[in-house]
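Worksheet: the structure to be examined is printed underneath.
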Amino acid sequence: MHEFRFDPVPMPEAAQALRGEVRAFIAQEVAQGAFTPSRNSWSSFDADFSRKCGARGYIGMRWPKQYGGHERSALERYVVTEEMLAGGAPVGAHWIADRQSGNQILRYGSERAKRTILPKIAAGECFFSIGMSEPDSGSDLAAVRTRASKVDGGWSISGTKVWTSGAHQTHYLIALARTAPKEEDRHAGMTQFIVDLAQPGVSVRPIYNLYGGHDFNEVVFDGYFVPDDMVMGEPGMGWKLVTGELAFERSGPDRFLSTYQLLIESIRAVGTEPDARAANEIGRLVAHLATLRRMSISVAGMLERGEQPAVEAALVKDIGTAFEREIPETFRHLLATEPTLGEGTSYAELLGMTILRAPGFTIRGGTREILRGMIARGLGLR
Ligand SMILES: Cc1cc2nc3c(=O)[nH]c(=O)nc-3n(C[C@H](O)[C@H](O)[C@H](O)COP(=O)(O)OP(=O)(O)OC[C@H]3O[C@@H](n4cnc5c(N)ncnc54)[C@H](O)[C@@H]3O)c2cc1C
């Protein structure tokens with residue numbers, strides 16, 4: 001049975017100093033009008049801001065210097081991501097590449113992939129999407145039907161990915177495809193590929209959400225050619241790689257700070273003399289936030305020590321995304337504000353847009369049911 005431990009991790013001095021530096025940078029950017037703090041920080045695409053982050057060394061922080069990285073610790077990276085989210089910085093353009101795709105390339109990419117792609121990611125000039133889900137395989141990722149067949153010098157991919165966030169604005173994605181027929185072990189015979197979205201044979205079509213916004217896409221491969229040196233690891237290793245990638249995706253502060261702006265604005269709206277019910281609710285939410293933070297920092301500490309905290313990451317995501325969803329519901333009942341839709345700065349719009357986005361928080365990156373299955377397995381219950 002897996003033993004869950006979330007030991008406290010002291011923040012090293014270098015991380016504390018970095019916190020002040022990032023806060024000052026964000027305050028300066030806001031003061032100069034470079035951006036208005038966003039309510040949807042890690043889904044807000046702003047290539048100029050990403051370039052500035054790259055120039056300041058805030059992307060690819062843990063990667064080796066020879067690939068454009070900065071050889072900083074997981075806790076220093078943690079502090080930067082936390083400050084960016086809390087400050088509402090528009091980090092969406094580089095978020096996926098920095099959080100997961102770049103790490104995958106560093107571990108499993110060819111030397112050419114590492115040399116040509118990682119420095120551009122770290123400079124804030126190269127952005128990635130996630131090519132996992134398909135029309136008939138979301139939770140059951142092993143059911144992917146996108147196929148890659150061996151051809152001279154590489155692989156030819158055909159099939160369809162769906163819900164591909166940001167693919168209309170990014171340069172690459174990492175696609176999971178079937179490279180051998182299904183065997184008894186349904187996790188065998190899959191491979192991850194680096195896909196350059198500017199090459200022929202792949203097209204990106206918009207999927208508009210209920211509000212008419214364009215975040216999602218459908219990505220269609222029709223004989224798309226990938227050279228051998230854009231294969232991740234060895235052909236057939238795809239399942240191991242994709243589950244490792246999901247561990248990077250699940251434990252960070254982006255899994256409990258998506259509605260942080262609403263929490264702060266709501267506390268302001270409640271005012272300095274809350275009634276007993278409001279005081280209770282705010283106290284409870286802030287206590288949860290403090291606990292989640294400690295758990296997430298503890299996972300960053302495990303990553304720093306080279307451990308594989310996949311089950312702990314699933315737990316942080318399960319509790320963290322439930323917390324994110326609870327914030328709009330709580331204040332909707334506490335405050336007499338009618339939520340409205342719009343990108344303006346009023347509290348009613350902030351509440352309305354958060355309610356609209358909230359259902360996705362517990363779905364993206366793996367649903368709660370799937371995470372709970374993993375946690376139960378970790379506890380030896382299934
Ligand atoms: C905002 C957002 C952004 C996204 N971005 C991306 C992206 O960039 N790239 C990408 O590849 N995907 C992306 N996705 C897709 C996301 O990963 C899938 O939607 C998710 O994994 C669920 O898959 P599904 O939609 O096919 O639902 P299904 O798998 O059909 O699930 C439907 C319901 O059944 C439940 N269920 C399924 N299997 C089980 C089971 N074994 N036990 C118990 N319950 C089960 C699920 O929990 C869910 O409630 C995004 C989704 C959202 C909402």
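Whatever order the structure lists ligands and atoms in, that order sets their numbers, starting from 1.
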Q: If the plane angle is over 60° it's perpendicular, under 30° parallel, otherwise tilted; pick one for Tyr224 and Phe221.
A: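 The arrangement is perpendicular - the two ring planes meet at more than 60°.
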Can you check which of [options] brings a heavy atom nearest to [atom]?
| atom | options | answer |
| --- | --- | --- |
| atom 1 (C) of ligand 1 | Phe216, Phe361, Trp163 | Phe216 |
| atom 28 (P) of ligand 1 | Gly138, Ser139, Ser133 | Ser139 |
| atom 39 (C) of ligand 1 | Ile370, Val162, Thr367, Leu173 | Ile370 |
| atom 53 (C) of ligand 1 | Ile96, Ile130, Ile363 | Ile363 |

Does [atom] have any protein heavy atom closer than 4.0 Å?
| atom | answer |
| --- | --- |
| atom 13 (C) of ligand 1 | yes |
| atom 34 (O) of ligand 1 | no |
| atom 23 (O) of ligand 1 | yes |
| atom 4 (C) of ligand 1 | yes |

Q) For atom 44 (N) of ligand 1, what's the nearest protein heavy atom and its distance? A)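 The closest one turns out to be Glu369 CB, 3.4 Å.
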Q. Would Phe25 and Phe35 count as a close aromatic pair, with their ring centres under 6.0 Å?
A.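 So the answer is no for these two rings.
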(Q) I need the single residue from Arg364, Lys317, Arg255 that forms a salt bridge (Lys or Arg N to Asp or Glu O under 4.0 Å) with Glu249. Which is it? (A)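 Only one of Arg364, Lys317, Arg255 forms a salt bridge (Lys or Arg N to Asp or Glu O under 4.0 Å) with Glu249, namely Arg255.
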Q: Check the hydrophobic clustering (I, L, V, M, F, W, Y; side-chain heavy atoms under 4.5 Å; chains of links allowed) and say if Ile319 and Leu257 are grouped together.
A: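 As far as the 4.5 Å side-chain criterion goes, Leu257 and Ile319 are connected within one cluster.
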(Q) So if I count the atoms of ligand 1 from 1 in the order they appear, which ones are less than 4.0 Å from some heavy atom of Met132? (A)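 Matching atoms, with element in brackets: 11 (O).
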Q: Before signing off on this row, confirm whether Ser165 and ligand 1 have an N or O atom pair separated by under 3.5 Å.
A: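 Checking ligand 1 against Ser165, an N or O pair does fall under 3.5 Å apart.
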Q | Non-hydrogen side-chain atoms of Leu285 and Phe323 separated by less than 4.5 Å | A |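 With C-beta onward as the side chain, the pair touches.
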Q: Answer whether the closest heavy-atom distance between the side chains of Phe128 and Leu197 falls below 4.5 Å.
A: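 When only atoms from C-beta onward are counted, Leu197 and Phe128 do not touch, as no gap falls below 4.5 Å.
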Q: Measure across Ser165 and Ser129 and return the closest heavy-atom pair with its distance rounded to 0.1 Å.
A: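 Looking at all heavy atoms of both residues, the closest pair is O-OG, 3.0 Å.
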Q) What are the two closest heavy atoms between Leu351 and Pro328, and how far apart are they? A)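 Closest heavy-atom pair between Leu351 and Pro328: CD1-O, 4.0 Å.
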